[in-house]
Amino acid sequence: NNLVSSDAVAPEFATTLAKILTFGAPGRFPGVERLPGDMPMSSFELEEAQAILSDARKNAGLTLEQSADVFANVVNCMLIDIVDLASTSLKEKDDKLTISAINVVIDFMNHAAALFDAVAGDVTIKSVTYSGNLGKSKLELMYGAYASSMPVFPTADVDTPVDFESRLALLKDVFEISDNKAQGVSMKAVQKNMMEMMKDEKSMEKMLESMG
């Protein structure tokens, strides 16, 4: 609300940016979609979105440094919303909801990254990280749940993103989890997967097949 208020820096630009960012996490930002004015585009096309943002920046009279600052603030606010929403899934016994919610967070950040150059050119900013009220313990639980979604012995019927390692690395940076902590959390996730696999006869058969 502060970023799009009449006394903010380039509220029209911030509104346009926020609305285009909603395409990175469909259905997660109804409040943004209800902001004054129409949606800038009916469906997302990267080149069109970049052109819209470039024009909006110029119309607002912003320098690349100023628009980069607005970009970071808008993305930060929206990131807090979807991470906080993802954390509500931790109370569920099954990690699948958490993993699905974290995939939305990662998709959103990748979507934002694809738009950055159109807003800020070659300006360098501090990486946008989660700065909400969730404690480190909850962030680590979500990171661990996502890390556990990588099967110990991948099989053809397991739908794991081909870029899983880079997605996990992005999540580590967004949650500001140290390398040592991330390694420890990932190890626990692998051990948990192994224990569950050993309890399940079909999973054991798949593991043995993958090992030849």
Side-chain angles (χ1 to χ4, degrees), residues 21 24-25 28 68-69 71-117 120 122-155 157-200 203-204 206-208 210-212:
L21 284 168
R28 291 298 202 273
D69 189 51
F71 176 90
N73 288 330
V74 171
V75 172
N76 190 23
C77 289
M78 297 175 75
L79 174 64
I80 290 172
D81 273 358
I82 53 176
V83 172
D84 286 354
L85 181 61
S87 73
T88 62
S89 66
L90 289 173
K91 62 180 180 291
E92 304 295 334
K93 292 182 179 179
D94 195 335
D95 284 344
K96 288 182 180 178
L97 285 177
T98 301
I99 293 166
S100 177
I102 291 299
N103 269 320
V104 171
V105 172
I106 296 171
D107 288 343
F108 173 77
M109 292 302 291
N110 282 330
H111 175 76
L115 297 170
F116 181 74
D117 286 349
D122 58 358
V123 173
T124 301
I125 63 171
K126 181 181 178 183
S127 297
V128 176
T129 57
Y130 175 79
S131 59
N133 296 323
L134 293 177
K136 277 291 184 184
S137 59
K138 284 193 175 181
L139 296 178
E140 289 169 2
L141 282 173
M142 286 190 283
Y143 178 84
Y146 192 72
S148 70
S149 66
M150 169 62 89
V152 181
F153 297 96
T155 56
D157 61 340
V158 176
D159 184 18
T160 302
V162 293
D163 59 343
F164 181 86
E165 292 295 339
S166 64
R167 291 172 69 84
L168 188 62
L170 173 60
L171 186 64
K172 179 181 78 68
D173 292 341
V174 168
F175 286 173
E176 294 189 285
I177 297 175
S178 69
D179 290 341
N180 287 340
K181 187 66 179 180
Q183 186 175 6
V185 171
S186 296
M187 283 297 296
K188 286 183 180 179
V190 170
Q191 291 170 355
K192 177 184 175 183
N193 278 356
M194 287 291 292
M195 291 299 293
E196 290 179 354
M197 188 177 292
M198 291 173 69
K199 294 176 184 178
D200 184 73
S203 294
M204 283 296 292
K206 290 179 181 178
M207 180 183 75
L208 293 173
S210 69
M211 294 173 66

**Student:** The criterion is side-chain hydrogen bond (donor to acceptor under 3.5 Å, both in side chains); which residues satisfy it with D173, sequence neighbours excluded?
**Tutor:** none
**Student:** Can you see which heavy atom on F71 is nearest to which on A112, and at what distance?
**Tutor:** CZ-O, 3.3 Å
**Student:** Between S149 and F164, which heavy-atom pair has the shortest distance, and what is it?
**Tutor:** OG-CE1, 3.2 Å
**Student:** Side chains of I177 and V185, heavy atoms from C-beta outward: is any pair under 4.5 Å?
**Tutor:** no
**Student:** If you look only at distance, which donor and acceptor atoms sit under 3.5 Å apart when one is on a side chain in residues 91-101 and the other is two or more places apart or in another chain?
**Tutor:**
unit_1, atom_1, unit_2, atom_2, d
K91, NZ, T88, O, 2.8
D94, OD1, K96, N, 2.9
D95, OD2, K192, NZ, 3.1
T98, OG1, S89, OG, 2.7

**Student:** Are Y146 and I106 packed together at the side-chain level, in the sense that at least one heavy-atom pair is separated by less than 4.5 angstrom?
**Tutor:** yes
**Student:** Flag the pair L171 / M109 as yes when at least one side-chain heavy-atom distance between them is below 4.5 Å, and no otherwise.
**Tutor:** no
**Student:** Out of curiosity, D107 CG to N110 CG, how far, rounded to the nearest 0.5 Å?
**Tutor:** 6.5 Å
**Student:** Tell me every residue that passes side-chain hydrogen bond (donor to acceptor under 3.5 Å, both in side chains) with S131, counting only those two or more places apart in sequence or in another chain.
**Tutor:** N76
**Student:** Quick check: do F116 and V75 have side-chain heavy atoms less than 4.5 Å from each other?
**Tutor:** no
**Student:** Using the test side-chain hydrogen bond (donor to acceptor under 3.5 Å, both in side chains), find all partners of Y143 that sit at least two apart in sequence or belong to another chain.
**Tutor:** none
**Student:** Can you see which heavy atom on L134 is nearest to which on S87, and at what distance?
**Tutor:** CD1-CB, 3.6 Å
**Student:** Can you sort out the partners of D179 under side-chain hydrogen bond (donor to acceptor under 3.5 Å, both in side chains), two or more places apart, ordered by chain and number?
**Tutor:** K172
**Student:** Quick one: are M142 and L139 in side-chain contact, heavy atoms under 4.5 Å?
**Tutor:** yes
**Student:** Pick from V128, L21, V74, D84: which one makes a side chain to side chain contact (heavy atoms under 4.5 Å, CB included) with L79?
**Tutor:** V128
**Student:** Just how far is it from atom CG of D81 to atom CE of M78, taken to the nearest 0.5 Å?
**Tutor:** 8.0 Å
**Student:** Under the salt bridge (Lys or Arg N to Asp or Glu O under 4.0 Å) test, which residues partner K136, sequence neighbours left out?
**Tutor:** none
**Student:** To the nearest 0.5 Å, what is the distance between NZ on K181 and CZ on F175?
**Tutor:** 14.5 Å
